[in-house]
Amino acid sequence: MSNKITLGHVHMSGCIGCCVSIADTYGGLFTLLDNYADLVYSLTLVDVRHIPKMDVALVEGSVCLQDELSIEEIKETRERATVVVALGGCSAYGNITRFSRGGQFNQPQHESYVPISKLIDVDVYIPGCAPNPEVIRNVAVMAYLLLKGNDAQKKLATAYLAPLMALAKDGSRIESDSEACGCDIMLKVINQGLCMGCGTCAASCPVFAISMEYGKPNIDREMCIKCGACYSSCPRSFFSFDVCGDYENILGAITAAMNPGGN
Ligand code: SF4
Ligand code: SF4
């Protein structure tokens, strides 16, 4: 279908777990590729060697500052993609690569890894280690509606993507040397009197670093891998009430898109 958007998966210093999450949409991935998006670049899945122009780039992994090729690739991605998505905790926040210190054979000088927003402007964040397959699918559908839909669909897509775009904008807080970690919910939610003890942060932590004690989250910082999932899943963090009003329509649009044959 010529009206499809073009989609790419750019693999920086990541583990391919985010790519597996793309595939974990199972039939959803086929529906996406049949109807809405052509996968024009992905070293894991497509035999295209150089980054082409594309509508949406899903970037996995952080960037090694001692690897010139990686720096070139991320800048090239920004130049060639209309929408750049930081896919997963490494790309968005550095995640486990924040602990990198170099000194290992055979590139001991490879020691500094940064989130992609340190080097380029990023439009949308999809945090999580690994990121949620449904959110990846939803962002792809919404990107399609934003770029190819009618006015009403564009409005819905904007409402859905706005919080994830706000999160990307907030990524610039990394400039102030703050970084994603369990401390975010401590500093920005609990210490602000916003925590309602729902436990979503504990459920979202991939390494069980958060336990609920006396109805409030307690973070084991030794276990935290700095993925940012807890803050981004907390309903008292960057939650947008604008989405609430449109929620049923957004859900309807995604359901209809994933069931294009009808009923
Ligand atoms: S506490 Fe858990 S969810 Fe939060 S940043 Fe650390 S590892 Fe990620
Ligand atoms: S998800 Fe947010 S509101 Fe819920 S317990 Fe965790 S910090 Fe509190």
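All figures in this text were calculated on a predicted structure; none of them were measured in a lab. Both counts, for ligands and for their atoms, begin at 1 and track the order of listing.
Between Tyr125 and Tyr93, the ring center distance clears the sub-6.0 Å criterion.
The side chain to side chain contact (heavy atoms under 4.5 Å, CB included) test with Leu87 is passed by exactly one of Ile126, Ile116, Val139, Val135: Ile126. The side chain to side chain donor-acceptor pair (under 3.5 Å) with Thr97 is formed by just one residue from the set Ser91, Ser112, Ser62; it is Ser62.
Defined by atom type and a distance below 3.5 Å, a donor-acceptor pair is missing between the side-chain atoms of Asp38 and Thr6.
Among the backbone and side-chain atoms of Cys230, an N/O/S atom is found under 2.8 Å from atom 4 (Fe) of ligand 1. At least one N/O/S atom of Cys227, from backbone or side chain, sits under 2.8 Å from atom 8 (Fe) of ligand 1.
Among protein heavy atoms, atom 6 (Fe) of ligand 2 sits closest to Cys201 SG, 2.3 Å. What sits closest to atom 7 (S) of ligand 1 on the protein, heavy atoms only, is Ile225 N, 3.3 Å. Of the protein's non-hydrogen atoms, the one nearest atom 2 (Fe) of ligand 2 is Cys234 SG, 2.3 Å. Nearest to atom 4 (Fe) of ligand 2 among the protein's heavy atoms is Cys198 SG, 2.3 Å. Remark: minimum distance from atom 8 (Fe) of ligand 2 to any protein heavy atom is reached at Cys195 SG, 2.3 Å. The protein non-hydrogen atom at the shortest distance from atom 3 (S) of ligand 2 is Met196 N, 3.5 Å.
Remark: side-chain polar atoms of Thr25 are paired, donor with acceptor, to backbone N or O of Leu29 under 3.5 angstrom.
Counting the atoms of ligand 1 from 1 in the order shown, those under 4.0 Å from a heavy atom of Cys224 are 1 (S), 5 (S), 6 (Fe), 7 (S). Close approach of ligand 2 to Thr200 (heavy-atom distance below 4.0 Å) involves ligand atoms 1 (S). Every atom of ligand 1 is numbered from 1 in the order shown, and the set under 4.0 Å from a heavy atom of Cys181 is 5 (S). Heavy-atom proximity to Gly197, at under 4.0 Å, picks out these atoms of ligand 2: 5 (S), 8 (Fe). Close contacts of ligand 2 with Pro235, meaning ligand atoms under 4.0 Å from a residue heavy atom, involve 1 (S). Which parts of ligand 1 touch Val207 is read off a 4.0 Å heavy-atom cut-off, strictly below it: atoms 7 (S).
The pair Arg49-Asp47 meets the salt-bridge criterion, with a side-chain N (NZ, NE, NH1 or NH2) lying under 4.0 Å from an Asp/Glu carboxylate O. Taking 4.0 Å as the cut-off between side-chain N and carboxylate O, Asp123 and Arg78 count as a salt-bridged pair. A salt bridge is absent between Lys75 and Glu79: the closest approach of a Lys/Arg side-chain nitrogen to an acidic carboxylate oxygen does not fall below 4.0 angstrom.
To the nearest 0.5 Å, the span separating OG1 on Thr82 from CE on Met54 amounts to 9.5 Å.
Residue-level proximity to ligand 1 for Ile210 is carried by the side chain, the only part with a heavy atom below 4.0 angstrom.
A cation-pi contact, defined as under 6.0 Å to the ring centre and within 45° of the axis, links Lys188 to Tyr231.
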